[in-house]
Amino acid sequence: ESTLTKEQEIKTEPSKKYIISNSLIQMRKKPDLLSTSVVGQMKIGTAYEIIGEVSNIYGGFYKLDNELYVTKNSNYTIC
């Protein structure tokens, strides 16, 4: 059982991760590979905060701070 107070727990939350695009990446409104889910492209050099990860039958996805999803691949840098 944790002996941390609520204030201490808030201060010790994990560090944030960011994704920076190295190429044009499709951004999706749902974590799937259907063409109807694509709502735009992440431009080269653009950065977003990663707020979650999703794995399903379509593979792995990152959920970004703009509430959109991108597939996990090697076309960007995570820092």
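In this text the structure is predicted, and so the values were computed from the model without any measurement.
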Treat each ILVMFWY residue as a node, draw an edge where side-chain heavy atoms are under 4.5 Å apart, and state whether [X] and [Y] are in one component.
X     : Y     : answer
Tyr76 : Tyr18 : no
Met42 : Tyr62 : yes
Leu68 : Val70 : yes
Ile50 : Tyr48 : yes
Val39 : Ile19 : yes

- Message: When you compare the side chain of Thr71 with that of Tyr58, does any pair of heavy atoms fall below 4.5 Å?
- Response: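 Not in contact.
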- Message: Can you confirm whether Ile51 sits close enough to Glu67 that some side-chain heavy atom of one is under 4.5 Å from a side-chain heavy atom of the other?
- Response: yes
Minimum heavy-atom separation for [X] and [Y], please, with both atom names.
X     : Y     : value
Lys72 : Glu53 : NZ-OE1, 2.6 Å
Ile44 : Leu24 : CG1-N, 3.9 Å
Pro31 : Asn56 : O-ND2, 2.7 Å

- Message: Is the positively charged end of Lys30 above the ring of Tyr69, judged by distance under 6.0 angstrom from the centroid and angle within 45° of the axis?
- Response: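 Judged by the rule (NZ or CZ under 6.0 Å from the ring centre, within 45° of its axis), Lys30 is not positioned above Tyr69.
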- Would you say Asn75's side chain and Ile25's backbone share a donor-acceptor pair under 3.5 angstrom?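 Flag not set: sc Asn75 to bb Ile25 has no pair under 3.5 Å.
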- Message: Pair Arg28, Leu33 - check side-chain contact (heavy atoms from CB on, under 4.5 Å), show working.
- Response: CA-CA 8 Å; Arg28 303 166 179 281; Leu33 298 177; 4.3 Å; yes
